[in-house]
Amino acid sequence: MPGIAGIVSTKLPEERGRIVSCMVDSMKHEPFYISAFHSEPEMAIYAGSVALDGSLASGQAYFNEERNIVLLFSGECFLDATIEAQLKQKGHRVERSRVEWLIHLYEEEGDRLFERLNGFFSGVLIDGRTRRVVLFNDRYGLDRLYVHENEQGVIFASEAKALLRVLPELREFDPEGVVQFLTYGCTLEDRTLFRGIHLLPGASLWSFEREKCHKRKYFFPETWEAQPILSGGDFESKFQETFKAVLPRYVESQERMGISLTGGLDTRMIMACLPRSSGKTICYTFSGETGCTLDDKLAARVASVCGLEHQLLRISADFFSDFSAHVDRTVYTTDGYLGATGAHEIDLNKQARQLALVRLTGNYGSEVLRGVSTFKPLGISASLMNPQFSYAHNFTAEPVANGSTHPVTFAAFREIPWNLYGRLAASRSQVSFRTPYLDNEIVALSYQAPQNLRTSSLPAWGLIKANNTLLNEIPTDRGRSANSAALVARLRRFYCEATFKLDYLNNDGWPHWLSPFDPVFKRLTASLKILGLHKYLHYRSWFRREFAEYVKSVVTDARTRCSPLWNSAFLECMAQEHIDGRRNYVSEINAVLTLEAVDRLLFRGTPVSPRGNKSGDNLATHGKRSFVGK
């Protein structure tokens, strides 16, 4: 995935450039990635960057006119009208397709500028005037930075594999991180899957001066929590005004824009307010290898109403013929944060890139605006774990939220950056990913929603109706409509909700005791035309049929190696019982396939570095001194 990497250290003077070069090389997964390198040896900083060709960050190293301030940047940062006017008044030339304006704003405001930045981003700013290096990221922490610190300095990268490539001492699982991953499907707070590597918290501003690191945050969610609550009418009016003002930032692009369209409300709001100047825009919907879901049909209707082309992007044939390669690519690209049951994501986003380099989505709207959450324990059997590991590391599901956490804070600053990161990383490996629903203005406003609107779809329908009455008449994939009180609307919603739950259960969720009846349910739902009505991913069935041999092979290898993570006795029966239809172990199988791939690709793998060394060599060694220390 595109990003940055670097070292801030006065040690290892002859090796730092070589180390960073190797780190950057480990992040170059695609031929359309471009990279850059910059160093200031007197300031102890060596850094590099990787970007999608044609993206905002593809300019790589940015300089001010005097060339005494340098910026290496990852992600996207959106320029609002206030900042643009301020910079132009000062005589600066502003190009929205580049980020030199960020350097100009830094010259004007210093560190105060970071509070005004909007988007998913991280960066290294090198100020030669004050001999100061600043490492920063967005307030949500979505543009991840993995960090390792010790007495010799700080090493950081947007991908954990970049650190693992040059620091073999860290090629081990972090036990607490593994327990969190097996409990929730992700790690929490600043913990990672890897020993000795942690995440830079969101809104971080780390300043390096005279061999000292000063750590602080430039934003806290409590700032937004302290805002006054609006009345229902005032909130809806303000929401419509804000959304229409914010959306053009995300639509504006030098490259062609693709809208990842669904049958839900969040992309519907985007389509209702889409600027008329969006002539290069194309719509698409991810779908299965055959058939059409309700999402597919509704998305096509929405695009047609808006006069835009719509295409279905289907899972490719080689996904089934070479599934193991798709799993490896997914696990490697996302550092294990998306695994076997997300192996379709890169394939579909790769197809999206062929249509448009920028992908605009409605992602995170339901979480931020309506309090929808999928963040809960996976329910993985404790028998999966090696008993000694499980006992030593308390394999239990602790709550991730409580009544004292504001629901918007939980959604924007916890659930999204922790639990939904994997799919975001897979998407961003192929396209520039955008969503208006984490724009600072929209998230800030969502804190002001009155209690009766915090989980309501009324503001969304009000926005759609005010801007496109034809879209207001199309129901969502869950049967919701603006006129929800009408009898026909209630019956439609009941049907859609019931079929959604049945389709979900038929694909993923039948409990163990109902698993033997799977063939009966499948025939019944197929005859009623429910099977595949909502879901196009069928991993539970695929693990039993198309991918059965792959599953057995990986599980057998894990058992043969006597992996310290797994209970060998449980592994022996798990795969076969799932394949035979006696149990539903899709979550357990996904966990084993994913963590075994992490171990094989990131710990035991031996990719070749640019200078020909295997990654088993410690590229961070200078004489007898290791960067990590012994």
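Both backbone and side-chain heavy atoms feed into the values below; hydrogens, waters and symmetry mates do not.
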Checklist entry - Salt bridge or not for Arg195 and Glu176, using N-O below 4.0 Å? => result no

Indicate every side-chain donor-acceptor pair of residues 365-372 with a distance under 3.5 Å to a residue at least two apart or in another chain.
residue : atom : partner : partner atom : Å
Arg370  : NH1  : Asp266  : OD1          : 3.2
Arg370  : NH2  : Asp266  : OD1          : 3.1
Arg370  : NH2  : Asp266  : OD2          : 3.1

Checklist entry - Would you call Glu415 and Lys376 a salt bridge, taking side-chain N to carboxylate O under 4.0 Å as the test? => result no

Item to check | Salt-bridge contact Asp557-Arg600 (side-chain N to carboxylate O under 4.0 Å) | outcome: no

Item to check | Residues Arg139, Glu115: salt bridge by 4.0 Å N-O rule | outcome: no

Checklist entry - Please walk me through it: do Phe156 and Leu163 pass side chain to side chain contact (heavy atoms under 4.5 Å, CB included)? => result CA-CA 7 Å; Phe156 60 89; Leu163 303 185; 5.7 Å; no

Next on the checklist: For the aromatic rings, using the six-membered ring if either is Trp, is the centroid distance between His38 and Phe63 under 6.0 Å?
Outcome noted: yes

Checklist entry - Hey, is Arg428 close enough to Asp143 for a salt bridge, meaning N to O under 4.0 Å? => result yes

Item to check | Side chains of Ser207 and Arg132, donor plus acceptor under 3.5 Å | outcome: yes

Checklist entry - Step by step, would you call Phe78 with Tyr250 a ring-ring contact (aromatic ring centres under 6.0 Å, His included)? => result CA-CA 8 Å; Phe78 297 99; Tyr250 297 85; 4.3 Å; yes

Checklist entry - Looking at residues at least two apart in the chain, or sitting in another chain, which of them share a ring pair (Phe, Tyr, Trp, His ring centres under 6.0 Å) with Phe173? => result Phe603

Checklist entry - Can a donor-acceptor pair be found between the side chains of Ser427 and Arg359 at a distance below 3.5 Å? => result yes

Next on the checklist: Could you check whether Arg131 pairs with Asp127 (Lys NZ or Arg NE/NH1/NH2 to Asp/Glu carboxylate O, under 4.0 Å)?
Outcome noted: no

Item to check | Polar side-chain atom of Ser260 near backbone of Leu360 as donor-acceptor pair, under 3.5 Å | outcome: no

Next on the checklist: Between Arg191 and Glu189, does any NZ, NE, NH1 or NH2 come within less than 4.0 Å of an OD or OE carboxylate oxygen?
Outcome noted: no

Checklist entry - Does the gap between the ring centers of Phe136 and Phe114 come in under 6.0 Å? => result yes

Item to check | N-O pairing of Lys212 and Glu209 below 4.0 Å | outcome: no

Checklist entry - Any ion pair linking Arg144 and Asp335 (charged N to carboxylate O, less than 4.0 Å)? => result no

Checklist entry - Could you walk me through whether Tyr332 and His29 pass the ring-ring contact (aromatic ring centres under 6.0 Å, His included) check? => result CA-CA 9 Å; Tyr332 186 80; His29 312 311; 5.5 Å; yes

